[in-house]
Protein chains: 2
Amino acid sequence: MHDATNRGAEAASWIDRLAKISEPGPGVTRMPFSEEHRRVLPLLTELMQAAGLDVTMDAAGTLIGRRDGPAGAPVLLMGSHQDSVREGGAYDGIMGIVLPALALGALRERPLPFAVELLAFADEEGARFPTALMGPRALAGSFDMAALDLTDADGISLRRAMTDFGLDPDALPGLRRDPAGIMGWIECHIEQGPVLEAEGEALGVVTAICGIERHSARLTGEAAHAGTVPMALRRDALAGAAELVTAVEARARATEGLLATVGALRVQPGVVNAVPGAVDLTVEIRAPADALREAAGAELTAEARRIAGARGLGLEMSRTYAQPATPCDPGLQDALEAAIRATGGAGRRLASGATHDSSAMADLCPVAMLFLACRDGISHNPAEYCPPEVMGRAVAALVEFLARLAPRRG
Amino acid sequence: MHDATNRGAEAASWIDRLAKISEPGPGVTRMPFSEEHRRVLPLLTELMQAAGLDVTMDAAGTLIGRRDGPAGAPVLLMGSHQDSVREGGAYDGIMGIVLPALALGALRERPLPFAVELLAFADEEGARFPTALMGPRALAGSFDMAALDLTDADGISLRRAMTDFGLDPDALPGLRRDPAGIMGWIECHIEQGPVLEAEGEALGVVTAICGIERHSARLTGEAAHAGTVPMALRRDALAGAAELVTAVEARARATEGLLATVGALRVQPGVVNAVPGAVDLTVEIRAPADALREAAGAELTAEARRIAGARGLGLEMSRTYAQPATPCDPGLQDALEAAIRATGGAGRRLASGATHDSSAMADLCPVAMLFLACRDGISHNPAEYCPPEVMGRAVAALVEFLARLAPRRG
């Protein structure tokens with residue numbers, strides 16, 4: 001525990017130094033290929049070099065710290081992203097670079113039967129350009145070069161931003177890795193939810209990154225004077241929408257692992273003395289298993305039809321977005337759980353509701369994630385906080401994990 | 001029926017001519033003390049004079065057509081308002097001036113044992129100034145002179161608008177009538193709802209003008225990432241609001257005569273991937289009996305508290321507005337019903353959910369209202385429509401009503 005305490009404090013110190021490299025304003029704002037990105041690189045390089053890693057940057061702007069293994073040995077990839085959302089927190093992403101660096105530093109003098117590369121991706125959040133995950137996609141060969149023409153709010157294209165940053169976007173296709181030599185990808189990240197904290201656990205093992213689907217629904221009734229139309233003659237779009245909101249919540253509450261949310265709902269005309277004539281709403285469904293999610297989507301669409309039919313409402317409903325789940329590798333999950341247990345934790349398994357670099361890395365190799373408890377489940381907010389003792393436990397678990405891991409080819 | 005057909009066509013012709021006096025744009029827009037109000041007066045004067053009435057205007061801008069009775073006889077007041085909402089219909093208000101004029105015209109040569117005054121009030125809708133019903137309030141002695149300082153969207157005060165119109169606002173207190181000489185007030189109006197049309201009835205007798213109360217509620221939960229917070233740990237303000245919307249509808253459906261509506265509902269933050277943190281909504285309740293309305297208001301407030309408590313949501317809820325019901329005079333209701341039955345109708349009784357000039361006239365004398373079926377219940381809309389045959393039946397019923405009415409002092 002003394003080691004864990006020291007390592008937690010060391011992690012917190014690095015996090016503090018890194019968080020200062022931000023646009024002015026509350027929290028952390030560090031966009032990809034920005035002045036802040038440029039300024040964070042020397043500090044990340046210092047972090048990686050302190051762990052004994054050789055530091056380079058690839059054409060996607062990914063800072064890579066490498067530790068060689070025996071000749072011909074496979075490589076384990078670790079890391080996360082350097083960027084933040086606007087006015088985000090100090091932990092999301094960059095903590096996943098700090099913690100493996102400290103673990104590798106602790107193992108600096110100890111031979112490992114594999115190579116390790118620690119990756120600091122440029123852009124996971126997609127907060128500057130309407131695209132994200134370029135770094136891992138380039139490695140997996142799934143990057144769409146057309147995205148280089150997308151522009152930020154100032155009209156600067158991704159290609160231009162990268163060129164100004166000193167990168168050669170045309171070299172991106174050459175970054176593709178051969179899966180054969182890769183053991184897997186390990187990412188540490190704050191949970192961004194309240195589960196671990198509520199259970200008093202510092203660390204958790206991610207079972208899958210949830211798939212997501214989004215539906216857009218418009219219920220159309222008849223706007224009417226709230227004083228002149230009897231209840232029996234109304235076609236109240238909001239009363240129908242309320243039934244659907246209740247059904248969405250009930251469906252998810254009744255199904256382990258399923259999340260379903262009506263996040264947006266707008267009423268027309270939306271005045272105190274008018275029966276609502278139309279309601280637009282969104283339904284978002286997330287689940288670690290695609291079959292679970294798709295069954296819920298189909299059932300809720302049928303339920304919306306039933307509600308509309310019973311009330312004489314019009315319904316337009318369509319699935320506007322779908323992203324399959326990313327299952328984490330069972331062997332790597334077991335190895336992370338064993339490492340957590342060996343260092344005093346329970347090894348709680350949980351799904352990730354949010355997308356991560358791991359989502360894209362899964363196209364290249366087996367992936368696994370270590371989640372860290374965060375305060376009040378808050379993320380993407382200046383109040384985001386992960387206690388030093390939790391980070392210390394994570395470094396201890398990573399050391400244990402790396403020390404136990406047997407070389408395996410992807 | 002031949003007479004009724006002719007009178008319906010005549011009414012429709014007057015309505016058409018009057019509707020042309022409007023601001024440009026869809027439907028009818030005729031604000032009080034406006035150029036359009038000024039231009040409608042000669043036509044209303046022609047209408048009243050054709051019925052044999054002597055026409056004057058009082059200090060509130062009410063155009064008055066009078067037919068004397070025997071010396072010392074009481075007076076029956078009839079009429080409605082000349083003004084419209086913005087982009088409103090051709091019937092709301094002004095039809096209540098046209099129909100009694102045609103009925104009085106039909107009775108022009110016939111002696112009646114009472115005097116009649118047909119009143120065309122300037123402002124019932126309150127569409128220009130944040131006040132309304134000045135004309136009837138002046139007669140009832142309930143007009144608040146402070147309202148003269150209220151201004152329209154151009155910053156013109158009511159006092160200034162009236163003065164520019166040639167009126168003397170300081171003479172308003174002198175308009176107060178002595179109830180002793182007044183038999184009552186009869187107003188014809190389109191139903192503005194679908195009840196009569198749905199039952200195949202042209203005419204209905206209003207039992208009461210509903211009282212109204214409005215509540216404003218804010219449910220506060222916790223905004224959260226829709227992917228990272230399990231269902232059991234959420235405090236979803238919209239899910240709570242949906243329960244309340246359902247309860248409001250159910251309460252009104254279960255209670256004869258009660259109307260309850262959630263018309264406005266706003267969600268924060270209101271995005272597809274966030275659990276709603278707060279919802280603001282309105283609850284409006286109308287009933288012909290105040291006790292019924294107040295019981296529903298208290299029960300729904302208690303239900304909102306129960307829902308908030310069960311879900312760990314914060315609740316701020318308050319009654320922001322209350323207006324008591326106006327019961328219609330039983331004797332005048334019976335007389336209207338008898339007149340409708342004598343001319344081929346059923347004499348359906350129904351409550352009015354909307355406010356009318358009658359609401360203010362009730363402070364002066366017994367009131368009663370004749371409702372006319374309108375197409376699809378539509379009002380306050382350019383599509384507002386009352387078929388000529390319905391108007392013809394109303395004129396026939398009014399003729400019958402006036403011919404049968406015995407003088408009675410208020």
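Just so we're on the same page: letters track the sequence lines, and every chain starts at 1.
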Under a 4.5 Å cutoff for heavy-atom pairs, which residue among [options] has the most contacts with chain B?
options	answer
A/A241, A/A232, A/P276	A/P276
A/G263, A/A354, A/G353, A/G270	A/G263
A/C210, A/A260, A/S216, A/G257	A/A260

State, with a plain yes or no, whether a side-chain heavy atom of [X] is found less than 4.5 Å away from one of [Y].
X	Y	answer
A/N273	B/R286	yes
B/T228	A/E191	no
B/H225	A/Q192	no

Please state whether the side chain, the backbone, both or neither of [X] comes within less than 4.5 Å of a heavy atom of chain A.
X	value
B/V229	both
B/A224	neither
B/I378	neither
B/A274	backbone
B/R214	side chain

What's the shortest heavy-atom distance between [X] and [Y], and which atoms?
X	Y	answer
A/L238	B/V262	CD2-O, 3.4 Å
A/V245	B/A239	CG1-CA, 4.0 Å
B/L259	A/A226	CD1-O, 3.6 Å
A/A264	B/V272	CB-N, 4.4 Å
A/R234	B/T261	NH1-OG1, 2.7 Å

Given a strict heavy-atom distance threshold of 4.5 Å, which part of [X] is in contact with chain B: side chain, backbone, both, or neither?
X	value
A/A252	both
A/L265	both
A/L281	neither

| task | Quick one: pull up CG in A/L258 and CE in B/M231 and give me the separation to the nearest 0.5 Å. | result |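 If we round to the nearest 0.5 Å, A/L258:CG and B/M231:CE are 7.5 Å apart.
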| field | Approximate separation, where rounding is to 0.5 Å, of B/E249 CD and A/E243 CD | value |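 It comes to 7.5 Å.
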| What do you reckon, is CD of A/E199 surrounded by more than 12 foreign heavy atoms closer than 6.0 Å? |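 More than 12 within 6.0 Å, yes.
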